[in-house]
Amino acid sequence: IGGTLIAEEIEFEDREVRVHAAFANNDGDIDPVAGSFKLLGIEIQVIPSTRVIDFVLEDLTEDDLLEVRGIVNAPGVITAFRVRNRGKNTNDDPIRLDGPVELPDETTVGQFTILGVPVFTDVPPTTIQPSCFFEILNDGDFVEVRGFDSEIFSEDNPAKDVTLVTAEGCPPT
């Protein structure tokens with residue numbers, strides 16, 4: 001307008017964390033006073049500038065399928081840019097967790113943590129990109145993880161797809 005761009009939405013996609021999962025509604029998972037809730041054990045803060053779609057914090061119920069986009073505000077805390085309620089989980093809806101990795105000690109094989117959530121892999125059937133994923137993975141690298149199940153990322157139910165976003169490929173052998 002008059003040579004000025006009026007933004008409707010601003011996103012920081014290169015470091016945008018995402019959590020798409022069913023709300024569990026355990027004790028303490030909703031704090032209406034603080035404007036926050038927990039999803040996969042991660043605290044999600046809803047602030048006045050958060051774009052909310054089909055979402056009211058006080059109306060959340062167990063198995064509501066939520067999509068959250070935001071930034072890491074503090075360890076294990078996301079400030080949401082956007083929260084969308086996709087309705088009830090059908091148990092075959094994909095679960096997604098994208099964020100910075102925290103590596104365990106060297107003795108742990110096929111496992112890492114994103115925002116405090118342990119992620120287990122099983123190769124195969126977990127699809128991991130790039131093929132040298134664990135050889136080049138570093139603390140803070142940005143990883144996208146997908147799975148199907150409310151008990152995602154356990155040793156009995158490993159992630160289905162894992163992608164290292166910040167990688168530039170495997171080094172030549």
Side-chain angles (χ1 to χ4, degrees), residues 11-30 36-46 60 62-86 89-171:
E11 293 186 22
F12 300 92
E13 290 191 14
D14 63 332
R15 286 297 191 188
E16 178 181 88
V17 294
R18 293 182 183 208
V19 183
H20 298 189
F23 181 67
N25 200 21
N26 298 318
D27 289 337
D29 279 354
I30 300 176
S36 66
F37 64 97
K38 290 185 179 178
L39 197 56
L40 297 179
I42 303 166
E43 182 180 344
I44 311 295
Q45 294 181 335
V46 179
L60 278 181
E62 189 168 344
D63 288 331
D64 280 350
L65 188 61
L66 302 175
E67 293 181 0
V68 175
R69 292 182 182 189
I71 59 167
V72 177
N73 187 17
V77 179
I78 296 173
T79 299
F81 297 143
R82 183 176 90 179
V83 179
R84 169 180 259 158
N85 187 340
R86 291 283 190 178
N89 183 25
T90 63
N91 289 329
D92 62 349
D93 291 310
I95 294 173
R96 177 176 178 171
L97 178 60
D98 301 358
V101 166
E102 303 155 28
L103 291 177
D105 63 51
E106 295 82 28
T107 62
T108 307
V109 178
Q111 181 184 348
F112 53 91
T113 303
I114 297 177
L115 300 170
V117 177
V119 177
F120 295 85
T121 62
D122 182 18
V123 183
T126 302
T127 302
I128 298 179
Q129 297 295 328
S131 58
C132 61
F133 179 88
F134 284 106
E135 290 82 23
I136 62 173
L137 186 64
N138 295 301
D139 268 336
D141 282 348
F142 209 78
V143 174
E144 296 176 356
V145 179
R146 311 262 184 309
F148 295 92
D149 196 294
S150 59
E151 298 298 321
I152 189 169
F153 314 143
S154 68
E155 288 185 77
D156 296 329
N157 184 33
K160 303 299 180 223
D161 296 297
V162 176
T163 304
L164 179 59
V165 176
T166 53
E168 294 186 20
C170 298

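When a residue number appears, it is its place in the shown sequence, counting from 1. Bear in mind the structure is a predicted one, so any value in this text is a computation, not a measurement.
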Any donor-acceptor N/O pair, Thr163 side chain to Gln129 backbone, under 3.5 Å: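 Between the backbone of Gln129 and the side chain of Thr163 there is no qualifying donor-acceptor contact (under 3.5 Å).
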Treating Thr121 as the side-chain partner and Gly110 as the backbone partner, does any N or O pair qualify as donor plus acceptor under 3.5 Å?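 Judged by distance alone, yes, a pair lies under 3.5 Å.
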Suppose we screen for side-chain hydrogen bond (donor to acceptor under 3.5 Å, both in side chains). Which residues come up paired with Asn25, at least two apart in sequence or across chains?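 Applying side-chain hydrogen bond (donor to acceptor under 3.5 Å, both in side chains) to Asn25 gives none.
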In Å, rounded to the nearest 0.5 Å, how long is the span from [atom1] of [X] to [atom2] of [Y]?
| X | Y | atom1 | atom2 | result |
| --- | --- | --- | --- | --- |
| Leu97 | Ile114 | CG | CD1 | 4.5 Å |
| Lys38 | Asn26 | NZ | CG | 9.5 Å |
| Ile44 | Leu115 | CD1 | CG | 8.0 Å |
| Leu103 | Asp139 | CG | CG | 4.5 Å |

Which atoms form the tightest heavy-atom contact between [X] and [Y], and what is the distance?
| X | Y | value |
| --- | --- | --- |
| Leu40 | Val117 | O-CG2, 3.3 Å |
| Gln111 | Pro118 | NE2-CB, 4.0 Å |
| Ile78 | Gly70 | CG2-CA, 4.0 Å |
| Asp141 | Ile136 | OD2-O, 3.7 Å |
| Val68 | Ala80 | CG1-CB, 4.1 Å |
| Glu16 | Phe142 | O-CZ, 3.0 Å |

Phe133: partners by ring-ring contact (aromatic ring centres under 6.0 Å, His included), with sequence neighbours left out: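 Once residues adjacent in sequence are excluded, the partners of Phe133 under the ring-ring contact (aromatic ring centres under 6.0 Å, His included) criterion are Phe112.
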Checking side-chain contact (heavy atoms from CB on, under 4.5 Å) against Val17, which of Ile42, Val72, Asp98 comes through?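 Single side-chain contact (heavy atoms from CB on, under 4.5 Å) partner of Val17 among Ile42, Val72, Asp98: Val72.
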With the threshold set at 4.0 Å, does a side-chain nitrogen-carboxylate oxygen contact exist between Asp64 and Arg84?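 No, no charged N to carboxylate O under 4.0 Å.
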Salt-bridged, Arg69 to Glu67, with N to O below 4.0 Å?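 Salt bridge absent between Arg69 and Glu67.
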Between Asn85 and Phe23, is any pair of side-chain heavy atoms under 4.5 Å apart?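 No, too far: nothing below the 4.5 Å cut-off.
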Determine whether Leu60 and Asp29 make a side-chain contact, defined as any pair of heavy atoms from C-beta on separated by less than 4.5 Å.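 Side-chain contact under 4.5 Å: no.
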